[in-house]
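All residue numbers refer to positions in the sequence shown, counting from 1. We count ligands from 1, going down the list as the structure has it; atoms in each ligand are counted the same way.
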Amino acid sequence: MDDCLFCKIIAGEIPSTKVYEDEYVYAFRDINPQAPVHVLVVPKEHIACADEVNESNSIWVARCYEAIAKIAKAEGLTNGYRVINNCGEDGGQTVMHLHFHLLGGTWLGMNII
Ligand code: AMP
Ligand code: ZN
């Protein structure tokens, strides 16, 4: 996608602080962190949001979760963490490329599930 911020970050056209990369996934630190650890885990395939996940592309979601487990260990999140996926306008999604917020490093509280 020509005009997608995260596609540009994955391609290296916009700088990011990479924490993990494999064939399927690129992960980097959120520019506006909401917790001591705040990593965005992004599939290298452009899928706009959770609403566009289906039988033929769900492997990208699985690969993201496999990466999340690895990143959480590497970041020392031994006491747990939260994964958030915003979808669409009501979900507060601002970048229309599927991504998972990995948050941790402190007790995150009980608000918003
Ligand atoms: P969302 O609101 O779920 O779409 O999340 C988008 C996230 O991307 C926000 O938490 C932003 O802080 C983050 N973000 C936006 N631009 C950048 C960037 N250039 N590098 C890192 N994170 C970014
Ligand atoms: Zn994209």
* Location of contacts on L5 toward ligand 1, heavy atoms closer than 4.0 Å -> side chain

* **I31, any N or O under 3.5 Å of ligand 1 N or O** => yes

* Taking heavy atoms and a distance under 4.0 Å, where does F100 meet ligand 1: side chain, backbone, both or neither? -> neither

* Which atom names give the shortest non-hydrogen contact between G105 and L77, and what distance separates them? -> N-CD2, 3.4 Å

* Asked: Is the shortest distance from a heavy atom of R29 to ligand 1 less than 4.0 Å?
  -> yes

* Does P15 reach ligand 1 with a nitrogen or oxygen that is under 3.5 Å from one of the ligand's nitrogen or oxygen atoms? -> no

* Considering only heavy atoms, does L40 approach ligand 1 within less than 4.0 Å through its side chain, its backbone, both, or neither? -> side chain

* Structure fact -> ligand 1 to N86, heavy atom cutoff 4.0 Å, flagged ligand atoms 1 (P), 2 (O), 3 (O)

* Judging by distance only, is a nitrogen or oxygen of Q93 under 3.5 angstrom from one on ligand 1? -> no

* **Path from L108 to I71 over hydrophobic side-chain contacts below 4.5 Å** => no

* Asked: What is the closest protein heavy atom to atom 1 (P) of ligand 1, and at what distance does it sit?
  -> H99 NE2, 3.2 Å

* ligand 1 contact by S16, heavy-atom criterion under 4.0 angstrom -> no

* Asked: side chain to side chain contact (heavy atoms under 4.5 Å, CB included) between V61 and F100: does it pass, once the steps are laid out?
  -> CA-CA 9 Å; V61 178; F100 299 90; 4.0 Å; yes

* **Aromatic centroids of F6 and Y26 separated by under 6.0 Å** => no

* Residue part near ligand 1, for T94, under 4.0 Å between non-hydrogen atoms -> both

* Less than 4.5 Å apart, any side-chain heavy atom of R29 and any of V19? -> yes

* According to a 4.5 Å side-chain heavy-atom criterion applied to Ile, Leu, Val, Met, Phe, Trp and Tyr, with indirect links allowed, do V95 and L103 form part of one hydrophobic cluster? -> no

* Asked: Would you call K44-E21 a salt bridge at under 4.0 Å N-O?
  -> yes

* Asked: Going by heavy atoms in the side chains, are Y81 and I68 under 4.5 Å from each other?
  -> yes

* **Minimum non-hydrogen distance to atom 10 (O) of ligand 1, winning option of D30, L98, T17, N32** => D30

* Have a look at the Zn ion (ligand 2) and estimate, to 10 degrees, the angle subtended by ND1 (H97) and SG (C4). => 110°

* To do: Please identify which atoms of ligand 1 are closer than 4.0 Å to at least one heavy atom of G92.
  => 2 (O)

* Asked: Against heavy atoms of F6, which atoms of ligand 1 measure under 4.0 Å?
  -> 8 (O)

* To the nearest 0.5 Å, what is the distance between CD1 (I10) and NZ (K8)? -> 12.5 Å

* **Atom of H46 nearest the Zn ion (ligand 2) (restricted to N/O/S, atom name only)** => ND1

* Whether H101 and H38 hold their rings parallel, tilted or perpendicular, with breakpoints at 30° and 60° -> tilted

* With atoms numbered from 1 as shown, which atoms in ligand 1 lie under 4.0 angstrom from a non-hydrogen atom of H101? -> 1 (P), 3 (O), 5 (O), 7 (C), 10 (O)

* Structure fact -> Among I9, N85, I84, the residue with a heavy atom nearest to atom 19 (N) of ligand 1 is I9

* To do: Could you check if a side-chain atom of H97 sits within less than 4.5 angstrom of a side-chain atom of C7, using non-hydrogen atoms only?
  => yes

